[in-house]
Student: 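Have a look at the structure that comes next, please.
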2 protein chains.
Amino acid sequence: MSRDPRLHPRKQPRQVRAELTRRRILEAAAQVFTEYGYAAGTTNRIAEYAGVSIGSLYQYYPNKDAILLELMLAHLDSGEEEATRRQTGELPGTAEGLMRLFVQAAIANHLEDPRLLRVMVEQAPRSPELLQRVYQFKNERNAHTRDLLRRYREVRVSDLETAARIINATIELVVHQVVAEHEPIDLQRLEDELVAMFTRYLTA
Amino acid sequence: MSRDPRLHPRKQPRQVRAELTRRRILEAAAQVFTEYGYAAGTTNRIAEYAGVSIGSLYQYYPNKDAILLELMLAHLDSGEEEATRRQTGELPGTAEGLMRLFVQAAIANHLEDPRLLRVMVEQAPRSPELLQRVYQFKNERNAHTRDLLRRYREVRVSDLETAARIINATIELVVHQVVAEHEPIDLQRLEDELVAMFTRYLTA
DNA sequence: CACCATTATGAGCAATCATTCAGTTCTTGC
DNA sequence: GCAAGAACTGAATGATTGCTCATAATGGTG
């Protein structure tokens with residue numbers, strides 16, 4: 001893994017207050033990016049929100065991109081964690097139950113902070129390192145989905161790999177759009193229809 | 001319709017060369033935004049690409065946003081035109097045929113210039129006027145899709161409205177993602193699987 | 001040709017921002 | 001309690017960029 005030195009912290013905190021400062025900066029960045037977007041979310045504003053001088057910010061982050069990168073990595077990590085946590089539970093008895101689990105998880109995830117998520121998605125292409133991680137994450141999720149689908153006898157599609165990719169992409173994107181936009185859609189109905197579509201697709 | 005004066009051309013061209021200049025600027029803008037993205041696609045760079053002075057650019061566009069807005073409106077218009085053109089032809093005999101038509105159109109459309117499209121999608125939320133138009137466009141498309149679906153007896157979903165929305169959103173987003181990203185996916189397979197999914201959903 | 005509206009030019013202004021660094025304050029270990 | 005390093009400060013810098021405006025060139029018209 002090639003780490004771009006222009007994207008990683010310059011200094012490892014050694015005192016407690018330094019760790020606190022780091023965290024305050026990161027939380028402020030999340031707030032500011034959410035409120036103003038990436039371009040208008042200036043580093044000075046982040047420092048101000050964090051109640052910290054701009055100089056302190058630059059002691060821990062070599063530049064603005066590095067701050068967003070850390071936010072993104074944190075988001076990915078929490079998503080991954082969530083996924084493995086769900087994996088340990090009982091599997092639903094039907095493919096429909098499985099699909100419902102998927103859709104519900106996506107809706108919940110995107111309801112969290114759609115605006116910050118949007119900033120992240122928009123800026124992601126700027127960091128090859130991040131793209132690499134996102135790509136890997138999606139691949140693993142697709143593989144995992146495929147393995148889950150394989151356990152259900154009712155699932156009849158021949159190419160589970162492609163089915164898994166389409167299902168995951170559809171869930172992610174449709175839910176993201178519908179939740180992020182201000183379209184007044186009934187989330188319950190969205191959930192039901194997506195589940196129906198996937199189930200019929202898989203078990204036709 | 002409220003037209004924001006800060007987004008519309010200051011001057012109507014009266015001579016041929018002025019019209020030419022306008023067009024050159026717009027084409028250059030498409031190129032520059034495609035190559036550099038919106039933020040790094042500076043107005044000076046656009047003027048340079050157009051072989052025109054920066055002053056000329058500002059005679060026709062009051063600011064940078066207005067340029068992108070015009071590009072977006074042009075894209076929407078061409079899409080609408082394409083849609084009505086397709087409407088005049090013969091309807092396919094089966095719902096599957098209809099879905100294939102939809103998916104093929106989306107793939108073709110997105111294959112055109114994914115990077116410029118991406119810039120547009122990212123920047124769209126900045127213009128309420130544009131959002132309004134996009135929203136209207138989607139509503140009309142959904143209504144149209146719903147009407148088409150109604151003509152097929154094999155279609156058995158109860159809520160055609162929601163079905164139309166989900167189908168259109170899925171097509172647009174999945175195709176956009178898969179085409180725009182560099183994922184090596186077989187477009188033919190993508191088409192087939194999407195068609196299969198929609199058909200089974202509709203006719204289950 | 002002569003006149004004027006239209007169009008084109010591009011140096012430079014003003015504002016914004018990411019980032020630096022010299023100096024100050026705080027913590028820790030002895 | 002005192003050095004020495006760690007952490008923090010914020011005015012200043014330098015670079016970028018959207019945009020203006022005074023001036024020049026061009027085209028149409030009588």
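If you're wondering where the values come from, they're calculated on a predicted model, not measured in any experiment. Chain identifiers are assigned alphabetically (A, B, ...) following the order of the sequence lines, protein sequences preceding nucleic acid strands; residue numbering begins at 1 within each chain.
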Student: Measure the distance from CD1 on A:Ile54 to C1' on D:dT13 and round it to the nearest whole Å.
Tutor: 14 Å
Student: Just how far, in rounded Å, is P of C:dT6 from CD of B:Gln59?
Tutor: 11 Å
Student: Pick out which of B:Arg22, B:Arg23, B:Lys64 makes a salt bridge (charged side-chain N to carboxylate O under 4.0 Å, His left out) with B:Glu70.
Tutor: B:Arg22
Student: Quick one: is A:Tyr58 getting a side-chain N or O under 4.0 Å of the C:dT19 phosphate, OP1 or OP2?
Tutor: yes
Student: Base, sugar-phosphate alone, or nothing: which one does A:Thr42 contact when heavy atoms must sit under 4.0 Å apart?
Tutor: sugar-phosphate
Student: Let me spell it out: for each of A:Tyr38 and A:Gly55, pick the nucleotide of DNA chain C with the closest heavy atom. Which residue's pick is nearer the 5' end?
Tutor: A:Tyr38
Student: Does a donor on one side chain and an acceptor on the other come within less than 3.5 Å for A:Gln132 and A:Gln136?
Tutor: no
Student: Should B:Ile171 and B:Met99 be marked as a side-chain contact (heavy atoms from CB on, under 4.5 Å) after you check the CA-CA gap, both sets of side-chain angles, and the distance that decides it?
Tutor: CA-CA 10 Å; B:Ile171 289 181; B:Met99 288 300 104; 5.7 Å; no
Student: So, does A:Ser53 get its side chain near the phosphate of D:dG10, meaning an N or O under 4.0 Å from OP1 or OP2?
Tutor: no
Student: Between atom NZ in A:Lys64 and atom P in D:dA15, what is the gap in whole Å?
Tutor: 19 Å
Student: Counting only side-chain nitrogens and oxygens, does B:Tyr60 get under 4.0 Å of the OP1 or OP2 atom of C:dA8?
Tutor: yes
Student: Does a donor on one side chain and an acceptor on the other come within less than 3.5 Å for B:Tyr201 and A:Glu193?
Tutor: yes
Student: Rounding to a whole Å, what distance do you find between A:Glu19:CD and D:dA6:C1'?
Tutor: 14 Å
Student: Starting the side chain at C-beta, find the nucleotide from D:dC8, C:dT9, D:dG18 nearest to B:Ser56.
Tutor: C:dT9
Student: Rounded to the nearest angstrom, tell me the gap between atom CG in A:Leu57 and atom P in C:dC17.
Tutor: 15 Å
Student: Base, sugar-phosphate, or nothing for B:Val52, non-hydrogen atoms under 4.0 angstrom?
Tutor: sugar-phosphate
Student: Assuming nearest nucleotide by heavy-atom distance, tell me which of B:Ala40 and B:Arg17 is located more 5' along DNA chain D.
Tutor: B:Ala40
Student: Return the orientation label for the A:Tyr38 and A:Phe33 ring planes: parallel under 30°, perpendicular over 60°, tilted otherwise.
Tutor: tilted
Student: Taking OP1 and OP2 of C:dA18, is either one under 4.0 Å from a side-chain nitrogen or oxygen of A:Thr43?
Tutor: yes
Student: Respond yes when some side-chain nitrogen or oxygen of A:Thr21 is under 4.0 Å from OP1 or OP2 of D:dC8, and no when none is.
Tutor: yes
Student: Starting the side chain at C-beta, find the nucleotide from C:dT19, C:dT7, D:dG18 nearest to A:Asn63.
Tutor: C:dT19
